[in-house]
Novice: 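Before I ask anything, let me first share the structure, which is written out below as structure tokens.
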2 protein chains.
Amino acid sequence: MQQLEELVASLREEGFRITPQRIAIVDYLLKTEEHPSAEHIHKTIQKKYPMVSLSTVYKTLDLLKEKKLVNEIEVEGEARFDAHTDEHINLVCMNCGKIEDIDEDSLKEIQNRVAKKSKYLIVKGSFEMFGYCNNCKSKFN
Amino acid sequence: MQQLEELVASLREEGFRITPQRIAIVDYLLKTEEHPSAEHIHKTIQKKYPMVSLSTVYKTLDLLKEKKLVNEIEVEGEARFDAHTDEHINLVCMNCGKIEDIDEDSLKEIQNRVAKKSKYLIVKGSFEMFGYCNNCKSKFN
DNA sequence: TTTGATGCAAACTTTTTGCAGGAAC
DNA sequence: GTTCCTGCAAAAAGTTTGCATCAAA
């Protein structure tokens, strides 16, 4: 988990200006485990910082994605964001919508095998698994 | 790979009507390896069958998804469709946009491990890997 | 003949863009 | 003071929906 100060420093070093809006967005992304959508980020940080527009959220997320400081995953036609940039599997609960991360040591191994088999140069993997979480699964057995 | 006749029979058995539009869509999906978008399906089959509207494509895709006769994957905010419903890894070339399938025997094993670790009931996995295909990769080394 | 399917147009959702004003440097 | 960023409003892109018409059964 990165610290706010580190991320802000990275942005400053790249020549980007540090604005209250950017701090609010980055701060929230680092603290949450929710894999929020742009809309959700916007609504949440508006409680604390009412002066952040949705388009600024989108523009900041683009910036952070480009600098590899956040990852984007797609769930049901909506982009969701995650400042935990280590490779992991996203587990999506099809009932309550929760997204959980799982570190999975064998991911790298799979990527290597696929690379060998396909002759692709693999840059990243996106692993989403869908199912029912521990709380919800009793309803679907 | 399923045959057109089988798929059409499945639909008929479920009580759905067999229309020229549905045949055109299903026929194209079975023949292509392109993982087309709805828009692309529409454009392509219009050459042969000019009387297919985009909303019918969407409605038919919804039907096929529901009946598990096609899978949907998201690439860059757009839904892409695939009649190859066996579990596999989708390899997306970040240069030319091609999507290739790879059967990967260890997928099931990974799913089992993740299920055990997370206590989730895993229903399906979506595995996309992004990189550069054999033709494009020389440009990115 | 009786549904269910089609196709248009309009609505909706998520994301992107242009630009004038404002804030960071 | 200069340049980059913000936020509005408008547009774009992808998808869904309502409804009158049409065709499969």
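None of the values given here were measured: they were computed from a predicted structure. These numbers come from the heavy atoms of this one structure, side chains and all, not from hydrogens, waters or symmetry mates. Labels below follow one simple rule: chain letters A, B, ... track the order of the sequence lines, proteins then strands, and each chain is numbered from 1.
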Novice: Report the residue (A:Met51 or B:Ile18) whose heavy-atom-nearest nucleotide on DNA chain D is the more 5′ of the two.
Specialist: A:Met51
Novice: Picking from C:dT15, D:dG7, D:dT16, which would you name as closest to the side chain of B:Asp62?
Specialist: D:dT16
Novice: Would you say the side-chain atoms of B:Asp82 and B:His84 include a donor-acceptor pair closer than 3.5 Å?
Specialist: yes
Novice: Is any side-chain nitrogen or oxygen of B:Tyr58 closer than 4.0 Å to OP1 or OP2 of D:dT15?
Specialist: yes
Novice: Go nucleotide by nucleotide along DNA chain D from the 5' end; which of B:Pro20 and B:Glu78 gets its closest nucleotide reached first?
Specialist: B:Glu78
Novice: With a 4.0 Å limit, can you tell me whether A:Gln21 has a side-chain N or O closer than that to the phosphate oxygens OP1/OP2 of C:dA23?
Specialist: no
Novice: Under 4.0 Å, counting only non-hydrogen atoms across every strand here, what does B:Arg80 touch: a base, just sugar-phosphate, or nothing?
Specialist: nothing
Novice: With no hydrogens and no angle check, just 3.5 Å: does a side-chain donor-acceptor pair link B:Asp101 and B:His35?
Specialist: yes
Novice: Where the side chain of B:Lys59 is defined as all heavy atoms beyond and including C-beta, which of D:dT16, C:dT15, D:dC19 is the nearest nucleotide?
Specialist: D:dC19
Novice: OP1, OP2 of D:dA25 versus side-chain N and O of B:Arg12: anything below 4.0 Å?
Specialist: yes
Novice: State which of D:dG7, C:dA5, D:dG14 makes the closest approach to the side chain of A:Thr56.
Specialist: D:dG7
Novice: Grab the CD-P distance between B:Glu39 and D:dA13 for me, whole Å please.
Specialist: 10 Å
Novice: Walk me through it: do A:Asn134 and B:Tyr120 pass the test side chain to side chain contact (heavy atoms under 4.5 Å, CB included)?
Specialist: CA-CA 5 Å; A:Asn134 200 27; B:Tyr120 268 57; 5.8 Å; no
Novice: What's the closest nucleotide to the B:Phe16 side chain, out of D:dT16, D:dC5, C:dA5?
Specialist: C:dA5
Novice: Quick check: are there more than 12 heavy atoms from other residues, nucleotides or ligands sitting under 6.0 Å from CD of B:Glu76?
Specialist: no
Novice: Between A:Arg22 and D:dT6, is there a side-chain N or O to OP1/OP2 distance below 4.0 Å?
Specialist: yes
Novice: If I take atom NZ in residue A:Lys65 and atom C1' in nucleotide C:dT15, what distance separates them, rounded to the nearest angstrom?
Specialist: 9 Å
Novice: Between A:Arg80 and A:Val75, is there a donor-acceptor pair closer than 3.5 Å when you use the side chain of the first and the backbone of the second?
Specialist: no
Novice: Where the side chain of A:Ser55 is concerned, which of D:dG7, C:dA5, D:dT6 is the nearest nucleotide?
Specialist: D:dG7
Novice: Taking the side chain of B:Arg17 as heavy atoms from C-beta outward, which of D:dA23, C:dG7, D:dG7 is closest to it?
Specialist: D:dA23
Novice: Counting side-chain heavy atoms from C-beta on, which of D:dT15, C:dC25, C:dA5 comes nearest to B:Ala79?
Specialist: D:dT15
